[in-house]
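Data block below; observations after.
Quick note: numbers below take in every heavy atom, side chains included, and nothing from hydrogens, waters or symmetry partners.
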Amino acid sequence: VPVTEEPTTEQTTESTEDASETDASSEEDNVSQPEELTALLAESGRDYTSLESVGCNQLIIVDSEANKASIYMYEKDDTGLWVNSGLDTQGFVGANGVSSESYEGSGMTPAGFFSVGEAFYIEDEPKTGLSSFHVTENTYWVDDPDSPYYNQKVELEGDPEWDSAEHMISYYDAYIYGFVINFNMDPIVPGKGSAIFFHVGYNSTAGCIAVSQDMMLQYLAKLDASKNPYIIMQ
């Protein structure tokens, strides 16, 4: 039978001190993070660990009430502290609010936590750290659940393989600038919802997020794909 040595008083004291320092450090980390962000994350059922698990270093939060929303953007600095980017603004969501039960044609913005996709533009290319695509006369986003291209961007060449799609350039005022929210992308579920964007707008939407053009450009300029940006809609 192995002989178990009783810990000395000195060892016990050191162990207690180490545990106290760890607890204090953990408490200090929690206290140092912005109270507003901590509360918003809790409201969405998430925390800083969930952001860390996907490598998120930039976060947009859309906090809705009916068809309107308060929108915030935070960024993680080199010390691990999340800092408000100073881009707080008011915006709009779906005419029927935000819901985890949204579906194609529901007029609801899908609730949840999604990565930020490509930026897009119709006229001059905006400053942004995201990859981007130019919307042309041939750019469509398919919203026909029966199409093999459902919830995908297609540059049309030849006959369309769908009964319904957004001809993006026809929404000039809204899609002059924006970015894709990666909702219902992997896997794509027919009928769950399509073409969920963060774009320019001054009224409630069919399911997207809308902000003023000035704020849209500021968000694009701040977003950086290398920081793995995400968005929470709640």
So, do [X] and [Y] sit near enough that their side-chain heavy atoms are less than 4.5 Å apart?
X      : Y      : answer
Ile188 : Gln152 : yes
Thr139 : Leu156 : no
Tyr171 : Ile176 : no
Ile60  : Ile232 : no
Asp47  : Thr38  : no
Phe120 : Lys153 : no
Val93  : Lys68  : no

* **Under 3.5 Å donor-acceptor, Ser132 side chain and Ala119 backbone** =>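 No; judged by distance alone, with no hydrogens or angles, the pair does not exist.
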
* To do: Look at the side chain of Glu161 and the backbone N and O of Pro148, then say whether any donor-acceptor pair between them is shorter than 3.5 Å.
  =>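 Flag not set: sc Glu161 to bb Pro148 has no pair under 3.5 Å.
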
Could you tell me whether the side chains of [X] and [Y] share a donor-acceptor contact shorter than 3.5 Å?
X      : Y      : value
Ser226 : Asp224 : yes
Tyr219 : Thr89  : no
Ser64  : Gln234 : no
Ser70  : Asp63  : no
Thr79  : Asp77  : yes
Tyr177 : Glu123 : no

* **Option among Phe183, Phe114, Phe113 that satisfies the ring pair (Phe, Tyr, Trp, His ring centres under 6.0 Å) test with Tyr230** =>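 Among Phe183, Phe114, Phe113, the one that satisfies the ring pair (Phe, Tyr, Trp, His ring centres under 6.0 Å) with Tyr230 is Phe113.
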
* Determine the interplanar angle of the His167 and Tyr140 rings, folded into 0 to 90°, and report it as parallel if under 30°, tilted if 30 to 60°, perpendicular if over 60°. =>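 Judged by the thresholds at 30° and 60°, the geometry between His167 and Tyr140 is parallel.
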
* Please work out whether the ring planes of Tyr121 and His134 are parallel, tilted or perpendicular, with thresholds of 30° and 60°. =>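 It falls in the parallel class, under 30°.
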
Nearest 0.5 Å please: distance from the [atom1] atom of [X] over to the [atom2] atom of [Y].
X      : Y      : atom1 : atom2 : answer
Met168 : Ile122 : CE    : CD1   : 7.0 Å
Thr109 : Ile196 : OG1   : CD1   : 6.5 Å
Leu223 : Gln58  : CG    : CD    : 5.5 Å
Trp82  : Tyr74  : CH2   : OH    : 11.0 Å
Met233 : Ser44  : CE    : OG    : 12.0 Å

Within a radius of less than 6.0 Å around [atom1] of [X], do more than 12 heavy atoms belonging to other residues, nucleotides or ligands occur?
X      : atom1 : value
Tyr149 : OH    : no
Glu101 : CD    : no
Glu36  : CD    : yes

* Are Ile231 and Met215 linked, directly or through other ILVMFWY residues, by side chains that come within less than 4.5 angstrom of each other? ->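 Same cluster: Ile231 reaches Met215 through Ile, Leu, Val, Met, Phe, Trp or Tyr contacts under 4.5 Å.
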
* Asked: Taking NZ, NE, NH1 and NH2 as the nitrogens, is one of them in Lys227 or Glu75 under 4.0 Å from a carboxylate oxygen of the other?
  ->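 Yes, charged N to carboxylate O under 4.0 Å.
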
* Per the side chain to side chain contact (heavy atoms under 4.5 Å, CB included) rule, which among Leu41, Val116, Asn228 passes with Leu59? ->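 With Leu59 as partner, side chain to side chain contact (heavy atoms under 4.5 Å, CB included) holds for just one option, Leu41.
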
* Check the pair Asp146 / Trp162 against side chain to side chain donor-acceptor pair (under 3.5 Å), numbers first and verdict last. => CA-CA 7 Å; Asp146 295 324; Trp162 55 76; over 6 Å; no

